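Working notes, structure below.
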Amino acid sequence: MNMKEVERKWQARWEKAGFNRFEEKSDKPKKYVLEMFSYPSGAKLHIGHWYNYGPADSYARFKRMQGYNVFQPIGFDAFGLPAENYAIKTGVHPKDSTEKNIETMEGQLRAMGAMFDWSAEVKTCVPEYYKWTQWMFLQLYKKGLAYRKEAPVNWCPSCSTVLANEQVIDGACERCGTTVVRKNLTQWFFKITEYAEELLSGLEELDWPEKTKLMQKNWIGRSTGCEIEFDCDSGDKIKVFTTRCDTVFGVSYVVLAPEHPLARKIATEECRAAVEAYIEQASKANEIDRLSTAREKTGVFTGAYCTNPVNGKKVPVWLADYVLYSYGTGAVMAVPAHDERDFAFATKYGLPIVKVIENVEGETELPYTQDGIMVGSVDFDGLSGEEARDEVANHIAKIGKGGKKVNYRLRDWLVSRQRYWGAPIPIIYCPVCGTVPVPEKDLPVELPYDVEFRPDGKSPLAKHEKFMHTVCPVCGGEATRDPDTLDTFVCSSWYYLRYADAQNDRAPFDRNKVDRLLPVDTYVGGAEHACMHLLYARFLTKALRDMGYLDFDEPFKRLVHQGVILGPDGNRMSKSHGNIVSPDEYVEEYGSDAFRLYLMFGFSYTEGGPWSDDGIKAIARFLDRIEKTVLKIKNYPSSEGSYGAEEKALDYARHYAIGRVTRDLEGFSFNTAVARLMELLNAICKYDALPEKNCAFLKSVVKDFLLLLAPCAPHFAEELWDQTGGKGFIFEQPYPVEDPAKLVLDETEYAVQVNSKIVCKAMIPSGASGEEIEALVRALPEVIQRAEGKTVRKCIVVPKRLVNLIVG
RNA sequence: GCCGCUGUGGCGGAAUUGGCAGACGCGCGGGACUUAGAAUCCCGUGGGAGACCGUGCAGGUUCAAAUCCUGUCGGCGGCACCA
């Protein structure tokens, strides 16, 4: 079969028939199958794209044959750093390179023959799309979910530019290797923390990989504890957060993060100089130092004291950068006896270490950080664990010094980027009116083309006079625009909604269309997005719901991660490893169906693994055998024949395959689905080799075989369907359904064990009772030989599997 | 350091969730066809002459363990001073 020609032919026919489109008017149940859209960084599709889109498309086609109205859109996540970095290096404008890449990739995606609904295509870098990304920003701003504050960012002193977190590798700039420093800049944030609790609890109901749910759970990092107020002699109050309030009687000092507002305020005259110096030094600490947990702790005494509310003891207040300002209250009560960090710090600075928890079993070696019995804690002595913390927290609440509190590790989402190739932040700064959102009617705030994007420490847009200079929408006076662009993750956090109504120019989407299509039923993409894209998208969905734009809670009901195809050497494919394998030559030589089928067969889908093309010839051979067999049988007369044992066996093989393939495709277990197809083909060939055969029956099996195969090798199956006289498209046929009656055999082979050792096999009639089976087995010569003269103690029968006779 | 996943023939990988380990395929060996090769087709293929031994290793539970439990070692991923 000339696959190239066949592919082109069917792609054109499907396209002409509008076959790939979601049917607007249809009462079939909908199925929204979505693969993560691609980032057009290179010009060509790589194996990862193929591995994501090929098998997932087979799933979508399978669902279509099962009678669903399938919606499978595609698009491009087109803003982002690589295009801009490429521009800095080569001078090619990001818009030009991105558009060119998209065009090439579109062609390749079409050639792949996936069932994409191109009428819903989305590109995030066009004004028709980012207009609505900006609109999203404005809605969040109105709702109080977008706010501006000063925050430390990653700064590369060599490139003199801000870096995204993803660009910081082990504390250094990914491009030049220079150590990144922290710099305070005023930035826009989305208040994702407001949804921390729901983002956590919502995980439970999701059909997602447990691993991914756990990663999100850890990322959100809920911890329950107690907030406690320590009164300073100066009259200031220091709030601390602790998960171990049962250790509060062991507090020997309190620590503030260097950035804490009280740090300067409470410092005494004598200590002021040292405190200032320490704050200064901490602010300059670079990322590598901060990342190192092994480094020795540093700190400085403020000279101030505060009072432990539970025992009235005065304790010194220190500053130390092992306390993070961004978590909890930015202050900590230090209990060196029961915390490793406090222990190390107290040991270094000669602070007291007071044991207040006793190990129930054995010696209490300090620092002892496990749960134990409270000692030296007056009324609370003898309490332990959860109960102890409960009592202490209640006591603290009673005396008005705090109480139970839940904290999250999740931070608000920093969305400002000092970069060019992104959606401009739709905000105007007016000297009179302050921060003013761009009115919705003025959207989009267009990204200008003629911009100097070589980095020099300022946002590229800041140097563009025409862009920056504007008038205040409120007072009409002179004003300036925000020079930053939005993190590209903002663009990708709502694209799955836009697909539902991609052409809409009056709104991001029509409520009815979104309600009809969403949520996404099955979402397929890489696991690397677990704590970014997948979390942001959930957040935005919930925020839009609360603003009344949607009425569902979660965007992606089911999530599947494909594995990673590594280079043949077992490393991640990369230019530096020189191990990149391109799909192109394989597609050229074997055709897109064979390549897809090989990706499905050669790997466990969710695991991936090192690339090897050992099996691709086998797939080509498999397809050849199918073609030969199908075309040969096609020419047989259609006469009915008898239905005997051989027919029954083939019928069993057919319905076994139907059941298994159906379940395997449902579960993204593509390799076993293909294996079952191979088995069925083997059964067909075996039957075909018989001298006497029922041709009409054989033809009906071959027909089912083609239908089963169709989602996995779409062009190939369509062609054979056509050549064997099938009506319409094969994809308009219903997927075969297993007939359980055909799976009932007259007798089944059992493994026969004596004392758990296999001694032989035996055919046992299907209806036999437990006693009958035992009697049958005991009459077998292999059994008699081993059981002679012994008493049978027990007989275990596992239906359709084995019989185990325990004798002794 | 903490959390999670994972370890099965020469290779990719199966195993109905505690029930015949190694499905399906690659590779390899043998044969058929052919002047010959390629292609194709058929047979065999975990190890061991054998009793038996085999799912990283050592124990345990069970009539029965790749699967459950305890310990331990290797590989991968995430988090990393989160109080």
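Fair warning: this is a prediction, and the values are worked out from it, not measured in the lab. For the numbers below, each heavy atom of this structure counts, side chains included, while hydrogens, waters and symmetry mates do not. Below, read A as the first sequence line, B as the second, and so on, with proteins coming before strands; counting in each chain starts at 1.
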Just how far, in rounded Å, is [atom2] of [N] from [atom1] of [X]?
X	N	atom1	atom2	answer
A:N755	B:rU62	CG	P	16 Å
A:L566	B:rG75	CG	P	16 Å
A:I616	B:rC11	CD1	C1'	17 Å
A:M215	B:rC3	CE	P	16 Å
A:R411	B:rA80	CZ	C1'	12 Å
A:L680	B:rG25	CG	C1'	16 Å
A:M600	B:rG12	CE	C1'	16 Å
A:I758	B:rG22	CD1	C1'	14 Å

Which is it for [N], anti or syn, if anything within 90° of zero counts as syn?
N	result
B:rA15	anti
B:rU8	anti
B:rG13	anti

Now, which nucleotide makes the Watson-Crick or G-U wobble pair with [N], with each of the two distances under 3.5 Å?
N	result
B:rC63	B:rG19
B:rU55	none
B:rA14	none
B:rG74	B:rU6
B:rC41	B:rG31
B:rG50	none

Consider only side-chain N and O atoms of [X] and [Y], and report whether a donor and an acceptor are under 3.5 Å apart.
X	Y	value
A:S58	A:R596	yes
A:Y408	A:S223	no
A:D613	A:Y586	yes
A:T193	A:D412	yes
A:T672	A:R660	no
A:N579	A:N571	no

Span that lies between the [atom1] atom of [M] and that of [N], in whole angstrom:
N	M	atom1	result
B:rA51	B:rG4	C1'	44 Å
B:rC68	B:rU17	P	14 Å
B:rC43	B:rC53	P	32 Å
B:rG27	B:rU34	P	25 Å
B:rC33	B:rU40	C1'	9 Å
B:rC20	B:rC57	C1'	26 Å
B:rG56	B:rU62	C1'	23 Å
B:rG46	B:rU55	C1'	11 Å

How is [X] classified with respect to the nucleic acid when contacts are heavy atoms under 4.0 Å: base, sugar-phosphate, or nothing?
X	answer
A:I796	base
A:D614	sugar-phosphate
A:F601	base
A:G608	sugar-phosphate
A:G221	nothing
A:E340	nothing
A:S326	nothing

**Asked** Could A:K297 and A:Y322 be counted as a cation-pi pair, given that NZ or CZ must be under 6.0 Å from the ring centre and within 45° of the axis?
**Response** yes
Any side-chain N or O of [X] less than 4.0 Å from the OP1 or OP2 oxygen of [N]?
X	N	value
A:S604	B:rG12	no
A:Y327	B:rA83	yes
A:N671	B:rG12	no
A:R621	B:rU40	yes

**Whichever of A:D342 and A:E679 has its nearest RNA chain B nucleotide further upstream toward 5'** = A:E679
**Complete:** Note: for A:W219 and A:R625 on RNA chain B, the residue whose nearest nucleotide lies more 5' is A:R625
**Under 3.5 Å: donor-acceptor pair, side chain of A:Q216, backbone of A:A530** = yes
**Prompt:** If you check the A:V323 side chain, which of B:rA14, B:rC24, B:rA83 turns out closest?
**Reply:** B:rA83
**Item:** Nearest-neighbour nucleotide for the A:L324 side chain, B:rA83, B:rC3, B:rC24 considered
**Value:** B:rA83
**Distance, nearest 0.5 Å, that separates CD1 of A:I684 from CZ of A:R625** =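 So the CD1 of A:I684 and the CZ of A:R625 are separated by 10.0 Å.
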**Item:** Side-chain donor/acceptor of A:K617 to base of B:rC26, under 3.5 Å
**Value:** no
